[in-house]
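See structure below.
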Amino acid sequence: MGYRIIPTNPGLAKQNVELYGERVYPNLEAAFADHEIDLVDVFRRSEDAGEFVDEAIKFGAKAVWLQMGVVDEEAGKRAVSAGLDVVMDSCPLPESRRLGISGPST
C-alpha cells in the first residue's frame, strides 16, 4: 500500500517543474480538476490553514492533515462537519511508517 503526491505550489508551478515525477499545480482547484485527491496535507501557518481546509471541503477531499505546529480548531470543526477526517499538529511521514504505509508511489 502506498500513496501518490500531487504537489501544489504557485511559484514552482510557474517554473513547470516536477516533484516526485508529478506536475506541480498552482492551487488546489487545478489539482482537483485533474485528480481525485483523498487527503490535503497543509504546510502553512496556522492562521493561513483555514483557507486550504475550506478548499479541501469544497473540492471533495476526504481528509485534511495540518503539519507539525499547525492548528486551526475552527477550520477543523468545519471539516469534521463536512464529513472529513482531520489531523492537526502532526507529520504524516512517521505516522505512515508506523502504519506500514510506503510511498510515494509513482
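Computed from a predicted structure; not experimentally measured.
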Check: D41 and I5 side chains under 4.5 Å, non-hydrogen atoms: no
R44 and V70, any side-chain heavy atoms less than 4.5 Å apart: no
Out of curiosity, does [Y] fall in the hydrophobic cluster containing [X] (side-chain heavy atoms, cut-off under 4.5 Å, transitive links)?
X   : Y   : answer
V71 : V53 : yes
I57 : L39 : no
Y20 : I37 : no
F43 : V64 : no

Worked check of side chain to side chain contact (heavy atoms under 4.5 Å, CB included) between L28 and V40: CA-CA 9 Å; L28 286 176; V40 173; 4.0 Å; yes
With sequence neighbours excluded, residues passing side chain to side chain donor-acceptor pair (under 3.5 Å) with [X]:
X   : result
R23 : D34
E55 : none
R98 : E95
D54 : R78

Only distances under 3.5 Å count here; give the side-chain donor-acceptor pairs of residues 81-92 to other protein atoms, sequence neighbours excluded, each with its distance to 0.1 Å.
residue : atom : partner : partner atom : Å
S81     : OG   : K77     : O            : 3.0
D89     : OD1  : G69     : N            : 2.5

Worked check of side chain to side chain contact (heavy atoms under 4.5 Å, CB included) between R4 and H35: CA-CA 11 Å; R4 181 177 176 198; H35 302 279; 3.4 Å; yes
Can you give me every donor-acceptor pair (side chain of residues 7-14, partner residue at least two apart or in another chain, under 3.5 Å) with its distance?
residue : atom : partner : partner atom : Å
N9      : OD1  : G11     : N            : 3.0
N9      : OD1  : L12     : N            : 2.9

Pairs satisfying ring-ring contact (aromatic ring centres under 6.0 Å, His included), at least one member in residues 46-85, at least two apart: F32-F59
Listed once per pair and sorted, the salt bridge (Lys or Arg N to Asp or Glu O under 4.0 Å) pairs that draw on residues 58-71, sequence neighbours left out: E36-K62, D38-K62
Partner residues of R45 under the side-chain contact (heavy atoms from CB on, under 4.5 Å) criterion, sequence neighbours left out: E47, D48
D72 to S46 - nearest heavy-atom pair and separation: OD2-O, 3.8 Å
